[in-house]
Amino acid sequence: MMKLNPAQQQAVTYVSGPCLVLAGAGSGKTRVIINKIAYLIQQCGYKARHIAAVTFTNKAAREMRERVAGSLGKAEARGLRISTFHTLGLDMIRAEHKVLGLKPGFSLFDDQDSLALLKELTEAELLEDKDQLQQLVKRISDWKNDLMLPAQAIASARDAQEALQAQLYQRYREHMTAYNALDFDDLIMLPTLLLANDEEVRTRWQSRIRYLLVDEYQDTNTSQYQLVKLLVGERARFTVVGDDDQSIYSWRGAKPQNLVLLGKDFPQLELVKLEENYRSSGRILKAANILIANNPHVYEKRLRSNLGYGEPIRVVSANNEDHEAERVVANLVRHKFMNHANFKDYAILYRGNHQARIFEKALMANRIPYKISGGTSFFSRSEIKDIMAYLRVLVNPDDDNAFLRICNVPKRGMGPATLEKIGRLANSKQISLFAACFDPDFERQLPPQAAETAMIFTRWLVELGDRAVRGDTLEALKEMIRGINYEDHLYDTSPSPKAAEMRMKNVSELYRWITDMLDGDELEEPMTLEQVVTRLTLRDMMERSSDEDEADQVQMMTLHASKGLEFPYVFLVGAEEGLLPHQSSLDEGNVEEERRLAYVGITRAQRELIFTLCKERRQYGEQIKCEPSRFLLELPQDDLEWEARKAKPSAEQRQQSGKTNIAMLRAMLNK
DNA sequence: ACGGCAAGGATTTTT
DNA sequence: TCCTTGCCGT
């Protein structure tokens, strides 16, 4: 409390009504949330179990949980609810599963699972276009985010295309119900609809959560905001923290307009701006402010630096992308040597994952340790999906998707022909594949050999599942991995023994997470296998031992992934038209989000910022000429140091940039 | 069941 | 260009 600035203090102590904290980059918003939770408990008489804080990422939730535990002590923090939106929804669904008509032990489908199911459903239709499949996925997600059930979607369809999509939405829903499965969007939609329609449930949750805090509010979508509104009710005791300038997920349904909506829905809203920045040098902040001023704003905000003015921002140009990577590495090495810095003080930020490869190559060639965050995630590796599918079947045998994945992996002679027959039986009786294997007709409709293998397998699973639920979960798990000879399977199917080894290491890693979660620790309660499986699908695993965090490695990630982080020295690479304002965003006329993305990147830097760009770049096999990003031209040129390599913007380009600014200003005034 | 080859696609991806 | 996907042949 002592160390808060006046604005932060106001944000913390205003508790009598709805509160919006506009928190600029690096303005100490997490601190405000932590302090506010403590203030609510210690000064305002709130019980910890009546307070909930929601974030978007598990990482953010975990960090918050740790910091609160550190400042409050374990006893006082007991019962405090700090989770992601999705985990909160999951908890609510679990508590209310009877009302929702769900059997306990339901499966959670991740995006890939849902996509696979939809693919299957659309195969019968004349929807062969993969583009149309993508559209369908998006449409269903949109419907769910707008809290529309299939019946409403069908009723409100405006054309044949939409009507077909609505029909498929309904079939999708039916299949999910049959599998006893939910997808990510359901985790928000179902609790929200339940609260909206059931007064008893609503008042129960409103009395359970009496103060609500929301982090990264600008990233909420419609249903998430509805959930917030329903949870806080008339009393409206809540604080949301957000920054419209850091809204970079609108392509995923985030509605930064929710910030404006909040003022309309709650006229008594208290607005607090955090404009003091504790992260970056004055020059970096000035650049960021000037850049983002090109976007229209509902709430004006200007970050002030507490630190010195700092070094000039450099713009390094290269002939092509290989040269770009070389120059970054050369600059980095020289800089590190002159400043006695560590590798982990440097970040290379880029727009698209594909850009990473070339930098990876250059770093490797120079024996520089690096770490790439993001990219193909742990959970999309096939070996992890396999084991997860096994676990899902143990917990929920009706999960046909998971069952299909594992029944012949490793190969046990349950090939397509057998499955086809089981599928037909299951279909005719309206039961799951697994249940079909226990049907009285099962043995009559299958060749003896096939029936035999299927029965041995399913009975083995039942036995394992029983054991896992009854008590010795760990033993059951161990036996399962041993029982399927998974290690042999990996060696059989991997291109090299080395790859198999890697994959087995991943499996062991997963196994370790599972055991940790089953056992629990001082911050987390022990979980049941059922809980472990859903939490893992939500990517919410316990912190693995921190040997990686300590390592001295150059940090590489996309601009999106960098949000919330900070680094002493930042290379923002590929600052070119078509790449940083990405071409597809230009096509859609959404430069503003790209500008925010650049803003996020710039404000990651604490001490120094270096942009790089190429004169030409190979794209889809052909060389294309590159122009400097318009964002570079929007920055204060006095603070930029263009590296002489003859890529200075021409007078014509400056003129162009000036024109667009005027056009934008006009657009703003017209609004 | 698996390797070979052609075609197609190539932002971002908190859960 | 270079990766993934899917189809086809053995």
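Because the structure is a prediction, the values reported are computed rather than measured. Reminder, nothing fancy here: chain letters follow the sequence lines and each chain counts from 1. Because only heavy atoms are used, hydrogens play no part in the values below, and waters and symmetry mates are left out as well, while side chains stay in.
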Gap between atoms [atom1] and [atom2], on [X] and [N] respectively (whole Å):
X: A:Leu586; N: B:dT11; atom1: CG; atom2: P; answer: 13 Å
X: A:Phe184; N: B:dT15; atom1: CZ; atom2: P; answer: 8 Å
X: A:Asn58; N: B:dT13; atom1: CG; atom2: P; answer: 16 Å
X: A:Gln218; N: B:dT14; atom1: CD; atom2: C1'; answer: 11 Å
X: A:Lys138; N: B:dT11; atom1: NZ; atom2: P; answer: 17 Å
X: A:Arg617; N: C:dT1; atom1: CZ; atom2: C1'; answer: 14 Å
X: A:Glu576; N: B:dT11; atom1: CD; atom2: C1'; answer: 15 Å
X: A:Ile358; N: C:dC2; atom1: CD1; atom2: C1'; answer: 12 Å

- Message: Please report the distance separating the C1' of C:dG6 from the corresponding atom of B:dT11, rounded so that it comes out in whole Å.
- Response: 25 Å
- Message: Say we look at C:dC3 and B:dT12: how far apart would their P atoms be, to the nearest angstrom?
- Response: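 One P to the other, the span is 16 Å.
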Could you tell me whether [X] contacts a base, only the sugar-phosphate backbone, or nothing, with contacts defined as non-hydrogen atoms closer than 4.0 Å?
X: A:Glu321; answer: nothing
X: A:Arg357; answer: sugar-phosphate
X: A:Asp111; answer: base
X: A:Ser585; answer: base
X: A:Ser584; answer: base
X: A:Phe85; answer: nothing
X: A:Lys563; answer: nothing

- Task: Would you confirm whether A:Asn294, through its side chain, and A:Leu291, through its main-chain N or O, come within 3.5 Å as a donor-acceptor pair?
- Result: yes
- Message: Can you classify the ring geometry of A:His86 versus A:Phe184 as parallel (below 30°), tilted (30 to 60°) or perpendicular (above 60°)?
- Response: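 Correct class here is perpendicular.
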Cationic N near anionic O, under 4.0 Å, [X] to [Y]:
X: A:Arg252; Y: A:Asp219; value: no
X: A:Glu321; Y: A:Arg617; value: no
X: A:Arg604; Y: A:Glu566; value: no

- Could you pick out which residue, A:Asp185 or A:Gly352, lies toward the 5' side of DNA chain B when each is mapped onto its nearest nucleotide? A:Gly352
- Using a cut-off of strictly less than 4.0 Å, decide whether A:Asn221 has a side-chain nitrogen or oxygen near OP1 or OP2 of B:dT15.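 It does not, given that no N or O in the side chain of A:Asn221 lies less than 4.0 Å from OP1 or OP2 of B:dT15.
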- Would you please confirm or rule out a distance under 4.0 Å between OP1 or OP2 of B:dT11 and any side-chain N or O of A:Asn353? no
- Item | Donor/acceptor link under 3.5 angstrom from A:Arg618 side chain onto base of C:dT1 |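 When only heavy-atom distances are counted, A:Arg618 does not reach the base of C:dT1 through any donor-acceptor pair under 3.5 Å.
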- Donor/acceptor link under 3.5 angstrom from A:Arg252 side chain onto base of B:dT15: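 By the distance-only test, yes, there is a pair.
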- Flag as yes if A:His86 stacks onto the base of B:dT15 (centroids under 5.5 Å, planes under 30°), otherwise no. no
- Is_stacked (A:Trp251, B:dT11) at 5.5 Å, 30 deg: no
- Given B:dA1, B:dT13, B:dT11, which nucleotide is nearest the side-chain atoms of A:Glu588?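 Within the option list, the nearest is B:dT11.
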- Between B:dT15, B:dT14, B:dT12, which one does the side chain of A:Thr84 approach most closely?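 Minimum distance to the A:Thr84 side chain belongs to B:dT15.
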- A:Lys59, NZ atom: more than 12 neighbouring heavy atoms under 6.0 Å: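 Check fails, neighbour count at 12 or below.
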